Visitor: 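This is the structure I have questions about; it appears just below.
In the text below, chain A, chain B and the rest are named by the order of the sequence lines, each starting its count at 1. Source: prediction; values computed, not measured.
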Amino acid sequence: MSWKKPKDSARGCSQYNICRGERNYSRFSSSDFSTSLGLEDFSVSDTSGTEEDTDSAVLYGTLRGSVVGLRYYTGIVNNNEMVALQREPSNPYDKNAVKVNNVNGDQVGHIKKELAAALAGIMDNKLALIEGVVPYGAKNAFTMPVQMSFWGREENKEAVLDQLKRHGFKLAPPLKECDFASKWISARAGPSYSAPVHAAVQLTPEQLKSEFDKLFEDLKEDDKTCELEGAEAVATLLLPHQKQALAWMVSRENSNDLPPFWEERSNFYYNTLTNFAEKQRPKNVIGGILADDMGLGKTLTTIALILTNFQDGKPLPVQKIPTVTPLRMTSVFSGTTSIQSVETKYSGDGPSATLIVCPLSVLSNWIDQFEQHIHQNFHVNIYVYYGSDRSRDPSFLSEQDIVLTTYNILATDYGMRGDSPLHKVTWLRIVLDEGHTIRNPNAQQTKAALNLDGHRRWVLTGTPIQNSVKDLWSLISFLKLKPFTDREWWHRTIQRPVTMGAPGGLGRLQSLIRSITLRRTKKSKIKGKPVLELPERKVLIQHITLTEEERQIYQSVKKEGKAAISRFFSEGTVLAHYADILGVLLRLRQLCCHPRLCINTSSSSFSAGDKTPEEVHEMLVNKMKLVLSSGSDEECAVCLESLTVPVITRCAHVFCRPCIFEVIRSEQPNAKCPLCRSELRAEHLVECPLEGEIDSSNEKKSDQEWISSSKINALMHALIELRRDDPTAKCLVVSQFTTFLSLIENPLKESGFAFTRLDGSMAQKKRVEAIQCFQSSQAGSPTVMLLSLKAGGVGLNLTAASRVFLMDPAWNPAAEDQCFDRCHRLGQKHSVVITKFIVKDSVEENMLKIQKKKRELAAGAFATKKPSASEIKQTKINEIKALIDL
DNA sequence: ACCGCCGGGTGCC
DNA sequence: ACCGCCGGGTGCC
């Protein structure tokens with residue numbers, strides 16, 4: 001294989017310049033920041049957009065109208081076929097013009113002008129969504145009837161009815177779309193009862209997800225259970241479920257089935273959802289969604305696909321070893337691809353390059369996996385399209401076998417209209433890794449991805465549905481499934497029927513998903529055996545007793561903090577002092593680890609006092625650092641999710657930036673803090689300091705003489721014992737406090753341990769190095785990794801470790817579990833033992849209790865709806881009480 | 001006849 | 001369009 005970035009083809013540990021100076025967040029705009037974190041859903045423009053809030057739409061009623069001017073257009077329509085109404089304000093004859101298009105987007109005619117005059121205002125002001133169906137008469141040469149349904153928000157109904165009335169129209173009561181056919185046939189069959197307008201069933205996200213998973217529970221002996229061995233070029237043996245996935249993916253790339261909901265009927269291809277028909281055979285998706293749970297090896301399977309179904313349904317050919325002549329040598333080492341091209345290009349014409357788009361956090365994982373899984377006798381050109389010096393030459397890119405890039409680069413390039421090399425190439429295959437990244441249809445990344453040109457299209461994601469069916473549209477659209485690429489048809493035929501609980505809606509969704517998706521969860525079974533047989537995982541709790549001296553410090557800080565917090569309770573100002581309370585708890589947690597951790601924490605500023613703006617700013621930044629670094633996984637009280645792009649208000653409450661901006665926008669001019677009702681102003685909001693700087697203020701004390709602590713002693717005792725029993729055993733030492741990790745470095749050095757470190761402040765390149773060193777099985781490679789709890793994304797693979805020492809408990813048990821999964825995952829050969837150090841009679845023990853409650857809550861009925869903001873507040877207050885023994 | 005009626009020309013917005 | 005509408009041709013019974 002040859003790596004085109006860096007330029008030489010050999011590859012060493014440190015040669016991926018995949019980080020460059022790109023991640024310079026110091027002057028980030030919010031959108032840069034959020035997209036770089038894959039949080040584009042939270043961008044302000046999205047939340048404030050008046051775009052359809054289609055979930056709350058109700059059916060106002062229906063109206064019969066006519067479509068005229070059929071003579072002049074090529075679009076044809078069948079009886080009962082859906083049509084789209086589209087405003088055409090630029091029409092020179094009538095500024096109210098409304099076009100009528102068929103499902104294919106071809107114009108059929110216009111709405112008659114008198115009616116158009118009534119509809120124009122409604123459509124322009126987005127008061128209602130107007131959908132048409134041509135009930136009959138589709139063969140008419142000049143005009144045809146159209147049955148229109150008006151959908152909108154309850155509060156707009158009056159305005160719409162008024163507007164229609166002014167033009168002499170009146171809506172008929174709702175008539176369910178699915179009743180159309182029968183209605184026209186049996187028009188005299190007695191009174192018609194209006195169908196219920198509102199959904200009978202509304203699915204919660206959890207129900208939806210579980211419905212989704214049920215789809216794949218009982219895979220019969222169909223194409224999804226055949227197995228296919230990887231081609232010779234795949235260096236790794238595939239597990240049974242991976243061979244199944246490979247077989248399925250290859251068959252999807254090579255088959256020529258009709259896409260879902262299409263039938264062949266007397267020389268026509270007929271869409272059963274829209275009743276649209278055409279002569280031309282609709283193209284099937286050459287690809288689909290691989291939605292296996294995290295950890296089942298989607299990356300490996302995809303690499304196997306690329307190598308096994310390389311071109312024209314054939315695997316990657318063996319590399320002919322080039323006859324070594326001086327001439328060739330020169331060419332090879334001059335960094336051009338010409339010689340390789342001669343040797344390895346294939347008879348097939350057309351595109352041969354695969355584009356892989358992934359979040360930055362997993363880019364290095366792809367690089368590793370290619371390195372690991374491509375057989376050394378085979379040659380693959382891989383180009384990492386990243387960094388400011390990336391090649392701008394489309395023909396260079398199309399000559400590669402594989403081009404790897406990130407969603408950000410994709411979106412950035414696409415933003416520079418007309419100058420995106422990625423968009424000038426016709427790809428053989430496009431793979432979107434962590435495909436749910438493009439969930440938001442309005443995000444730049446989504447638009448950029450949807451506009452890529454490629455034949456075979458794949459989406460890899462562990463969570464195809466995050467919250468609602470809406471999440472699926474971008475993915476389906478990316479797959480170029482007719483007619484869903486247009487959001488209107490997706491919405492009318494799938495999304496609304498499902499969310500409104502219309503009969504058959506869920507069924508449609510299921511058959512759609514079933515036909516293009518493969519999903520196995522960690523619990524899925526193949527021939528009675530679980531897909532993943534992971535070694536055992538044990539969690540031990542080791543209690544620590546503080547020394548007399550440590551206990552004294554702890555008790556005095558606790559006494560002081562408890563007094564302050566009691567005062568907040570009696571004054572009823574708990575929420576106003578939330579950051580201060582977290583500060584107290586943080587200090588106690590730090591004291592459980594090492595007395596030196598909390599020396600520097602800013603002396604609490606309980607008194608507001610009169611301060612200069614600079615001092616206020618600094619105080620707020622400090623408070624926010626407290627909230628964030630306390631590892632409490634704060635939720636934003638607006639969206640009830642984890643904080644994304646945190647900002648702090650003047651009243652010291654932390655929210656997601658987009659959320660609080662939305663509050664300010666909607667409540668203007670007198671917005672109030674959602675938590676304490678203080679005055680809220682956009683210009684007073686203070687942004688989050690950069691990740692990695694949070695703890696840096698505590699750094700730089702290493703010159704002091706180092707002293708140990710009870711916890712460190714316990715750790716070292718365990719490490720030394722472990723080394724004695726098995727000198728090659730590797731372990732992770734995990735803490736939320738990077739300063740604590742720094743302190744631990746001292747005894748590790750003293751006792752002669754080889755160790756590495758991975759924390760959030762490290763550059764991408766350093767991280768890759770640290771991970772590779774640690775994962776190496778070479779003699780002398782590090783046996784200990786100091787790991788900060790939150791470092792690294794989900795892709796992080798630390799399977800070399802079979803022991804984990806969790807130095808301090810986290811608020812959120814899920815964060816701990818995620819951390820354990822980094823070594824307890826596919827590839828782990830040993831049983832994993834996790835040791836949690838918990839100081840007796842301390843805040844840590846109380847945290848365990850709270851964790852237990854949270855676990856029970858999470859395991860319990862999902863059906864319970866989202867708690868309200870006030871319920872969350874109450875829970876938090878109770879937690880605080882429990883934590884400090886009040 | 002400043003009407004009615006006839007029949008040809010014509011046709012979206 | 002096997003319509004509606006327009007506007008020119010025409011005109012007792």
Visitor: Cation-pi between A/Lys279 and A/Tyr269: NZ/CZ under 6.0 Å from ring centre and within 45° of the ring axis?
Guide: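 No, cation not above the ring by the 6.0 Å, 45° rule.
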Visitor: Verify, without hydrogens or angle tests, whether A/Asn91 (side chain) and A/Ala97 (backbone) share a donor-acceptor contact under 3.5 angstrom.
Guide: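 It does not hold such a pair.
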Visitor: Side chains of A/Tyr270 and A/Asn78: donor-acceptor distance under 3.5 Å anywhere?
Guide: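 No.
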Visitor: Could you work out the separation of B/dG9 and B/dC5 based on their P atoms and round it to a whole Å?
Guide: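 One P to the other, the span is 22 Å.
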Visitor: Could you tell me if the side chain of A/Asp419 sits less than 4.5 Å from the side chain of A/Lys424, heavy atoms only?
Guide: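 SC-SC contact between A/Lys424 and A/Asp419 confirmed.
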Visitor: What is the distance from CZ of A/Phe142 to P of C/dC5, rounded to the nearest Å?
Guide: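 So the CZ-P distance, A/Phe142 to C/dC5, works out to 17 Å.
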Visitor: Quick check: any donor-acceptor pair below 3.5 Å linking the side-chain of A/Asp94 to the base of B/dC13?
Guide: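 Flag unset: no donor-acceptor pair detected.
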Visitor: Could you tell me the Watson-Crick or G-U partner of B/dA1, where both distances fall under 3.5 Å? Say none if there is no partner.
Guide: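 When the pairing criteria are applied, nothing turns out to pair with B/dA1, so the answer is none.
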Visitor: Could you tell me whether a side-chain N or O of A/Arg457 sits under 3.5 Å from a main-chain N or O of A/Phe478, the two making a donor and an acceptor?
Guide: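 Side chain of A/Arg457 to backbone of A/Phe478: a pair is present.
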Visitor: Could you tell me how far apart A/Glu114 (CD) and B/dC12 (C1') are, to the nearest whole angstrom?
Guide: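 Taking CD of A/Glu114 and C1' of B/dC12, I get 11 Å after rounding.
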Visitor: Between atom CG in A/Leu115 and atom C1' in B/dC12, what is the gap in whole Å?
Guide: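 Checked: the CG to C1' distance equals 14 Å.
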Visitor: Separation of A/Asn140 atom CG from B/dC12 atom P, in whole Å?
Guide: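 Whole-Å distance recorded here is 16 Å.
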Visitor: Tell me the interatomic distance from A/Leu119, atom CG, to B/dC12, atom C1', rounded to whole angstroms.
Guide: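 Answer to the nearest Å: 15 Å.
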Visitor: Any protein N or O atoms within reach of nucleotides 9-11 of chain B? Criterion: under 3.5 Å, listing atom names and distances.
Guide:
none

Visitor: Can a donor-acceptor pair be found, under 3.5 Å and without considering hydrogens, that links the side chain of A/Gln444 to the backbone of A/Thr412?
Guide: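 Judged by distance alone, no pair lies under 3.5 Å.
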Visitor: Would you mind reading off the distance between A/Ile111 atom CD1 and B/dC13 atom P, rounded to a whole angstrom?
Guide: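 Rounded to the whole Å, the gap is 11 Å.
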Visitor: C/dC13 and B/dC2: how far apart are their C1' atoms, nearest whole angstrom?
Guide: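 It works out to 25 Å between them.
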Visitor: When we call it a touch if two heavy atoms are under 4.0 Å apart, what does A/Lys112 touch: a base, just sugar-phosphate, or nothing?
Guide: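 Sugar-phosphate, backbone atoms only, no base.
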Visitor: Do the charged groups of A/Asp453 and A/Lys480 touch, with an N to O distance under 4.0 Å?
Guide: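 No salt bridge links A/Asp453 with A/Lys480.
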Visitor: Determine which nucleotide pairs with C/dC12, using a 3.5 Å limit on both distances of a Watson-Crick or G-U wobble pair.
Guide: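 Across all strands, not a single nucleotide pairs with C/dC12.
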Visitor: Looking for any heavy atom pair under 4.0 Å, which part of the strands does A/Leu70 touch: base, sugar-phosphate only, or nothing?
Guide: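 Nothing: the residue A/Leu70, judged by heavy atoms under 4.0 Å, touches no strand.
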Visitor: Measure the distance from CE on A/Met144 to P on B/dC12 and round it to the nearest whole Å.
Guide: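 Value for this atom pair: 15 Å.
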Visitor: Measuring only the P atom in each nucleotide, how far is C/dC6 from C/dG11? A whole number of Å is fine.
Guide: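 About 25 Å, rounded to a whole number of Å.
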Visitor: Expressed as a whole number of angstroms, how long is the span from A/His110:NE2 to B/dC13:P?
Guide: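 My rounded result for the distance is 9 Å.
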